[in-house]
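For reference, the structure is listed below as structure tokens.
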2 protein chains.
Amino acid sequence: MELVYISIGLGLLAVVYGFVTSRQVLSASAGNAKMQEIAGAIQEGAQAYLNRQYTTIGIVGVVVAVLVGAFLGIVPAIGFLIGAVLSGVAGYIGMNISVRANVRTAQAASTGLQEGLTLAFRAGAVTGMLVAGLALLAIAVFFAVLIGPVGLAPNDRIVIDGLVGLAFGASLISIFARLGGGIFTKAADVGADLVGKVEAGIPEDDPRNPAVIADNVGDNVGDCAGMAADLFETYVVTVGATMVLTALLLPDVGDLLLPLMALPLLIGGACIVTSIIGTYFVRLGGGTNVMGAMYKGFIVTAVLAVPLIWLVTQYALGGVGIDMGTVLNPQTLAAGETATLGEAPMVEFTGTALFGCALIGLALTGIIIWITEYYTGTAYRPVRSIAKASETGHGTNVIQGLAISLESTALPTLAIIAAIIGAYQLAGLIGLAYGATAMLALAGMVVALDAYGPVTDNAGGIAEMAGLDDSVREKTDLLDAVGNTTKAVTKGYAIGSAGLAALVLFAAYTADLGEFFPDADVDFSLENPYVIVGLLLGALLPYLFGAMGMTAVGRAAGDVVTDVREQFAGDPGIMAGTSRPDYARTVDLVTKAAIKEMILPSLLPVLAPIVVYFVITALAGQENGFAALGALLLGVIVGGLFVALSMTAGGGAWDNAKKYIEDGHHGGKGSEAHKAAVTGDTVGDPYKDTAGPAVNPMIKITNIVALLLLAALAGAQ
Amino acid sequence: MELVYISIGLGLLAVVYGFVTSRQVLSASAGNAKMQEIAGAIQEGAQAYLNRQYTTIGIVGVVVAVLVGAFLGIVPAIGFLIGAVLSGVAGYIGMNISVRANVRTAQAASTGLQEGLTLAFRAGAVTGMLVAGLALLAIAVFFAVLIGPVGLAPNDRIVIDGLVGLAFGASLISIFARLGGGIFTKAADVGADLVGKVEAGIPEDDPRNPAVIADNVGDNVGDCAGMAADLFETYVVTVGATMVLTALLLPDVGDLLLPLMALPLLIGGACIVTSIIGTYFVRLGGGTNVMGAMYKGFIVTAVLAVPLIWLVTQYALGGVGIDMGTVLNPQTLAAGETATLGEAPMVEFTGTALFGCALIGLALTGIIIWITEYYTGTAYRPVRSIAKASETGHGTNVIQGLAISLESTALPTLAIIAAIIGAYQLAGLIGLAYGATAMLALAGMVVALDAYGPVTDNAGGIAEMAGLDDSVREKTDLLDAVGNTTKAVTKGYAIGSAGLAALVLFAAYTADLGEFFPDADVDFSLENPYVIVGLLLGALLPYLFGAMGMTAVGRAAGDVVTDVREQFAGDPGIMAGTSRPDYARTVDLVTKAAIKEMILPSLLPVLAPIVVYFVITALAGQENGFAALGALLLGVIVGGLFVALSMTAGGGAWDNAKKYIEDGHHGGKGSEAHKAAVTGDTVGDPYKDTAGPAVNPMIKITNIVALLLLAALAGAQ
């Protein structure tokens, strides 16, 4: 129990860091009146959007909570509500600090690059630490209450269902936030670009463009609030799934059960400490290498995590290296028998093996970051090939961008496969879970890097609109340039860890199946055609989901274009710069469109597993229904991984190809190549910021709904 | 044996039809001297390309044949050579008739629409019937020789390996032809469009454009020769795999074995008869509904196939309705035991059940055609939504096109899933095989519809370049308008049937595994992490392959642009229309580029299964090597199906959205919407004509190489 309390303490530490740092950020100068007016408009728009979004989600949430309560009991329903509310809170706080830090960063950048960097990064760090801290607290406190005051055993079915409910709440809210925010930000961005840059020929962030405030609002509600909710969800699901899997697969480890279930929490807590330390190393050290400063912070966090994870493992398990016995799959095992996991060789593991798996997770994070930078950084072949292809026009730019987006899936997949094999050979399925947990433990730092992006992006916009000196915009551009890469990095990281986490959830599904339906002889073999049917249906989901997201952005962006055209036509003074466009009207329009469009796709992963189970059961019996459902879960992972990786990396590459050209290559700004690159950037926008990242929570919702369905079916028996 | 001879007779009938009809086509007037000169240049370019392509492929082919001979024996090597040579022949003949029919169609269209349609469609029918006829003859004659003069049993291992070798030869050549032709055609097309339509502002097929002949050559070497080789391959693999699966899964049916192995050949033969009849129903009947005329031909073919397949089944099996006994999986079965296929319930089937499965195949073909027309026809929402999105620019056009391409995978996948479930419930894995066979039996008609496309496309080009009256171009445009849809239809059909055929090949893999390595306890369960690793690696292949194809087109198209710009700059007389551009130089450039670029991606599916098997075996033992390899095969199917469907339908939709705008919607030709639509069309080109369709042979090569690897490993034991 003490271990859980330590975790809670470390979670609180993150929250304290967040509050202290946010006070520092808020105490900085907010610039002149003009700047504050603009920032106020952005703040107001973002607030209005989030209020409406969370009201809508709240209605869905309450309905789902009642259903969870009715089918699964009160504890999972409470878990669901905690997950849902805290996921929303994480997004809310992140957005709130972001819309206040933007103007202060613009002001700080007028002093110097380091000042701007410090302010923007601190704002990001607030979001990052609150995401990690709140996620850790959510699980640890809920767990502590259930096994403490309530008095349940750590592997009691109610505890397991409660943790799954918690994960479901976080995931469900996060898919809405990711998708709604994603649609908002890209509809506004694409619409503003099309009608501003392409049609009217005015620069980005020009205050004459009525969509410019909506665009800046979008950065905050999508890239900040949506992303924060997403990573909160990924954290809760991964750590929760590791605990659940431990409870399901290791029923006979005796006194080691509680330490083993608490260890993932401790690893999370340890990395909060190293992340906090890491934030103080994000410094330029004289030059202008912003990405280098970011890396310093990340490397310090990851390297310090190694000894600290070793220490907490040793502390929790009473000495690393003690053989904690064979991992047994309860599903196939009578007491005392030796067993196999699936048909694979029996796996025994030690604390050292778990530590090894955690190292694999840390290494995978580093490798994915490196690969993502290769595919989205301006210094390497992929982005430069897109920039070069822009010379021959819009078409070749898009073709090359699509080629890169397809190609970019290869190395991350190979890295993930290597991690799966390595972790599995060390400690079986539990090893996979620890690898994923260690990845997510770094979330505080990774989110900090990401949440920094919208702050600097907004800062540039405010500098532009407020008519600050060009030198300020230059500095904010320098700060913002790494934003595309850090954003792509976070998404690659989130989807990579989601792949591992989803495999853990799938293992939980099969384990649950054995526990709930011990007599069902479910054939998960590829030779069973219902498995193939399930794989195909699963792989279809991300495609359909992506199609819906892309269509939504296209449609909403079209509305923005129409609105802006009307504003320009209705009042020629806008283009002349003599009258102020009606920013709020555009914000309002995008808000309504985003909320309307987010509902249907978000329900797809909730309903699909239920429909598939019942249809296949009706056609071919319950055992094939279970088999098809299980295969659907893997199909979503396999299909979704590629869709998400290709979209997020491809979109980042397109965006930076445009930036590369704007830096004076291939004819620079205003050239034909630049126009082609703007098209590519536009195409990449919904890829990387709407459809792609939302696949991540989608994969997990599908898996979690399947777990809940099993529990509900077992209860109805 | 008589049944096999009948099939051979029907195969010969197709060849005779081809020769007779080609004489009719060639006897038509070839137009004036100017037209003949242009057609001559296209002919020459196509000939030169194919010669060089097949020389290169020939070298690879001989090396592979020697390897097949060394590892697997002389019969598979002979089978490989037959498949390879005839695949090449099918492409060659198709291209040859196509490059002669184009100019004659232009001439015939000056008489009337029906005349043009008749000529172009007959040319397509020659290719179609030769593809189906040669494919049927290749298998039937090879099979007849092996079980007749050579004296082997129908299910002798040598016969099985021979049929697999035959399929491998056809597939390997076809992937080169599909990819090489696809790169050629789209590099020329994209390059010509970019530099002609977009930069120089001259219309499509303007003789001043140096890339115009290369573009027309591309239609023939890609859409005709490449497609013919592809469908030849699909036919051989599907029918061959059905025979192989019958031999592997039904060892105990006694005298029924030969009839059961001959039945797929007979179904193919029967549909050749109905296809020939169908070709005479492709008539306008007064109006201008070209698509309607096509449908008449297809519907007659498919409807007549129903009673004829019933008859041949009855004839072959000695009375439909006789219970042919239980399908037993030899792998898990000792003599006399009842058994299960995998863990699924045991399947018994009758001749009526096989007939039912064939009906499912026919119905699936019709449904896929209908869905494809919905997604690529100008009369429906998808294409119109892309056209509408073009109004707001290049970016929204591409976004909406990508959304449609993602969405377009859903209905075909659901239809394929329904077919899998239906066929499996009727007759297990054999049922799936019969469904696929019936689909492919219609290949003669489907290829006819497709091969018609490049003829009319070329005819329009020739009419334009030869300065014929505008009314002629209008007629060829009318004929060509359905070309995008029929091309998309064939690809959807090919990939849909490939999905089923690949499942049959996977079943052959597991059956082979049981026969070759009876002691190996291979766990294909989704709970085995090496299965997940295999699935991920398999799903990666189409992405990587697609990336390579797209990159190749982008690069080669860039070369074309550079070349044309140089020609324009070097001789201002070209644009003035006073001097003739150097067409041959551009053709030569594209030829070299296409041949160079096709090699590496084509080897990917050959090498991947071998590498994966050996690496996983080294890491985790042979049983996991087999499991990962099997999962890789399914991963390729699952991943490839979506990549191919989305690319082919999306590309067709983009192309027709442009055509829809050119018909006077959203501002018509020359409007901003039209420019955006041209970009979308350019992007869709390599999607639908290079990367997408080549995924089809890629899927099957991966599966066939795995079968050959098993045989080689067994031989080395």
Side-chain angles (χ1 to χ4, degrees), chain A residues 190 194 198 342-344 389 392-396 398-400 402-403 406-407 409-410 413 416-417 420-421 424 503 510 521 523-529 531-533 535-537 539-540 543-544 546-547 550-551 553-554 557-558 561 619 630-631 634-635 638-639 641-642 646 679 682-683 686, chain B residues 190 194 198 341-344 389 392-396 398-400 402-403 406-407 409-410 413 417 420-421 424 503 510 521 523-529 531-533 535-537 539-540 543-544 546-547 550-551 553-554 557-558 561 619 630-631 634-635 638-639 641-642 646 679 682-683 686:
Chain A
V190 170
L194 285 176
V198 182
E343 298 288 318
T392 40
H394 302 265
T396 40
V398 177
I399 290 174
Q400 186 58 25
L402 286 172
L406 292 169
E407 185 196 307
T409 58
T413 306
I416 290 169
I417 286 171
I420 290 175
I421 294 178
Y424 187 80
L503 293 179
T510 57
D521 182 17
D523 174 23
F524 283 120
S525 164
L526 298 177
E527 295 166 88
N528 179 357
V531 166
I532 293 171
V533 165
L535 284 173
L536 286 172
L537 285 170
L540 172 58
Y543 274 80
L544 206 51
M550 299 279 287
T551 308
V553 169
V561 170
L619 287 174
L634 265 190
V638 171
L641 187 69
F642 290 97
S646 67
T679 294
T682 308
V683 173
Chain B
V190 170
L194 285 175
V198 182
L341 274 175
E343 298 288 319
T392 39
H394 302 264
T396 40
V398 177
I399 289 174
Q400 185 59 23
L402 286 173
L406 292 170
E407 185 197 307
T409 59
T413 305
I417 286 171
I420 290 175
I421 294 178
Y424 186 81
L503 293 179
T510 57
D521 182 18
D523 174 24
F524 284 119
S525 164
L526 298 177
E527 293 165 270
N528 179 356
V531 165
I532 294 171
V533 165
L535 284 173
L536 287 171
L537 286 170
L540 172 58
Y543 274 81
L544 206 51
M550 300 279 287
T551 309
V553 169
V561 171
L619 286 174
L634 266 190
V638 171
L641 188 69
F642 290 97
S646 66
T679 293
T682 308
V683 173

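If you're wondering where the values come from, they're calculated on a predicted model, not measured in any experiment. Labels below follow one simple rule: chain letters A, B, ... track the order of the sequence lines, proteins then strands, and each chain is numbered from 1.
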Interface residue of largest heavy-atom contact number with chain A, from L544(B), I417(B), L537(B), under 4.5 Å |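 If we count pairs closer than 4.5 Å to chain A, I417(B) comes out on top.
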Which portion of [X] sits near chain B, non-hydrogen atoms under 4.5 angstrom:
X: E407(A); result: both
X: I532(A); result: side chain
X: L634(A); result: side chain
X: L526(A); result: both
X: T413(A); result: side chain
X: A410(A); result: both

Does a side-chain heavy-atom distance below 4.5 Å link [X] with [Y]?
X: L406(A); Y: F642(A); result: no
X: V531(A); Y: D523(A); result: no
X: L535(A); Y: L535(B); result: yes

Got a second to check how far Y424(B)'s OH is from L619(A)'s CG, nearest 0.5 Å?
->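 Output value for this atom pair is 14.0 Å.
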Pick from I399(A), T682(A), T679(A), V190(A): which one has the most heavy-atom pairs with chain B under 4.5 Å?
->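 Most pairs with chain B among the choices: I399(A).
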With chain B, the option among V638(A), L536(A), T551(A), I416(A) that has the most non-hydrogen atom pairs under 4.5 Å is L536(A)
Please give me the minimum heavy-atom distance between [X] and [Y], naming the atom from each residue.
X: G395(B); Y: V683(A); value: O-CG2, 3.9 Å
X: A389(A); Y: T396(A); value: O-OG1, 2.8 Å
X: A403(A); Y: A547(B); value: O-CB, 3.4 Å
X: T392(A); Y: G558(B); value: CG2-CA, 4.5 Å

Proximity breakdown for V561(B) and chain A, heavy-atom pairs closer than 4.5 Å =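 The side chain, not the backbone.
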Is chain A contacted by the side chain of I420(B), its backbone, both, or neither, given a heavy-atom distance below 4.5 Å?
-> side chain
